[in-house]
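Below: the structure, in structure tokens.
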2 protein chains.
Amino acid sequence: MSGAGADRVFHALADTTRRDIVALVVQGEHSVSDLARRYPMSFAAVQKHVAVLERAGLVSKHRLGREQRVRGEVGTVREAHRVLDQIEALWQGRLGRIEDLVTSPPIPDSKGDTS
Amino acid sequence: MSGAGADRVFHALADTTRRDIVALVVQGEHSVSDLARRYPMSFAAVQKHVAVLERAGLVSKHRLGREQRVRGEVGTVREAHRVLDQIEALWQGRLGRIEDLVTSPPIPDSKGDTS
DNA sequence: CCTTTCTACAACCATACGGTTGTACGTTAG
DNA sequence: CTAACGTACAACCGTATGGTTGTAGAAAGG
């Protein structure tokens with residue numbers, strides 16, 4: 001995940017209601033109206049929040065009868081995790097140079113920095 | 001950090017330019033115009049991005065002569081990290097402890113029993 | 001002095017966001 | 001069939017966002 005994908009994930013997480021929904025549905029599935037009953041806003045508003053989370057890949061939906069069960073996708077949470085890890089890795093290597101961590105450039109690149 | 005604080009941090013991270021700025025300034029300080037030269041937008045636009053990051057606590061500024069050096073605040077990155085950790089912890093514990101939480105799971109038997 | 005550089009901030013604009021209400025459709029219950 | 005429930009989506013509204021340009025001040029250099 002990078003670029004627009006990370007944009008979508010972090011934007012989806014930048015709302016207390018949406019973070020709360022994710023925290024709920026990673027513990028177990030809930031229908032959309034089940035979620036809507038928990039928040040002081042209209043059903044359509046909660047529906048939009050779920051749609052934002054779904055576009056970001058943080059939740060998925062699947063029909064069960066006339067309900068739509070929402071499930072949390074913890075893998076996408078971990079991808080956001082990884083983006084923050086990269087930043088922290090840059091911070092740790094700020095005095096020397098960037099080590100061969102899980103960051104994007106897998107090329108050893110024998111460039112000979114000070115020669 | 002919670003609520004509005006987390007909102008601000010995740011919103012600040014929900015932009016590729018801003019994440020890139022954070023990745024730069026955690027490695028070392030940069031002046032605002034130094035940053036502005038790196039992106040295909042106006043100085044004022046970059047200035048606004050830095051302001052968003054500063055309000056979120058992801059960077060700090062301090063004057064050095066006529067320049068304003070921007071420094072990354074990795075502690076705030078770690079706080080965002082922690083929010084994601086909490087969500088993942090909920091996911092890991094989803095099967096074990098369904099006992100005393102406020103999750104209000106639908107009672108499997110006697111559906112009309114709820115008073 | 002005057003000029004340049006770096007910064008700050010206001011005004012403006014197009015678009016997106018977060019919320020609302022209303023309408024419509026499929027599914028289950030009577 | 002009819003009614004109720006769960007969902008989906010469109011239209012609308014106020015505000016925020018991300019960008020622009022322009023103006024203005026403070027610090028360094030000629």
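Any value given below was found using the heavy atoms of this structure, including those in side chains, with hydrogens, waters and symmetry copies removed. Note that the coordinates shown come from a computational prediction; the quantities given were computed from them, not determined experimentally. Protein chains get the first letters and strands the later ones, always in sequence-line order, with residue 1 at the start of each.
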Could you give the [atom1]-to-[atom2] distance, from [X] to [N], as a whole number of Å?
| X | N | atom1 | atom2 | result |
| --- | --- | --- | --- | --- |
| A:Leu53 | C:dC17 | CG | C1' | 14 Å |
| B:Glu54 | C:dC9 | CD | P | 10 Å |
| B:Arg55 | D:dT17 | CZ | C1' | 11 Å |
| B:His49 | C:dA8 | NE2 | C1' | 17 Å |

Residues pairing under ring pair (Phe, Tyr, Trp, His ring centres under 6.0 Å) where one sits in residues 41-84 of chain B, two or more places apart or in two chains, turn out to be A:His81-B:His81

Ring pair (Phe, Tyr, Trp, His ring centres under 6.0 Å) pairs touching residues 2-22 of chain A, sequence neighbours excluded, are none

Residue pairs meeting salt bridge (Lys or Arg N to Asp or Glu O under 4.0 Å), one or both in residues 75-92 of chain B, sequence neighbours left out, come to A:Arg78-B:Glu88, A:Glu88-B:Arg78

[X]: salt bridge (Lys or Arg N to Asp or Glu O under 4.0 Å) partners, not counting sequence neighbours:
| X | value |
| --- | --- |
| A:Arg19 | B:Asp7 |
| B:Arg55 | none |
| B:Arg66 | none |
| B:Asp34 | B:Arg37 |

What residues 8-20 of chain A contributes to the DNA chain D interface at heavy-atom separation below 4.0 Å is none

Per-nucleotide protein contact along nucleotides 4-12 of chain D, 5' to 3', at a 4.0 Å heavy-atom cut-off (B base, S sugar-phosphate only, - neither), is -BSBBB-B-

Exercise for review: Evaluate the side-chain proximity of A:Arg38 to A:Leu24: yes if any heavy-atom separation is below 4.5 Å, no if none is.
Suggested key: yes

Open item on the list: Please tell me if B:Ser42 has a side-chain N or O lying less than 4.0 Å from either OP1 or OP2 of D:dG19.
Closed with: no

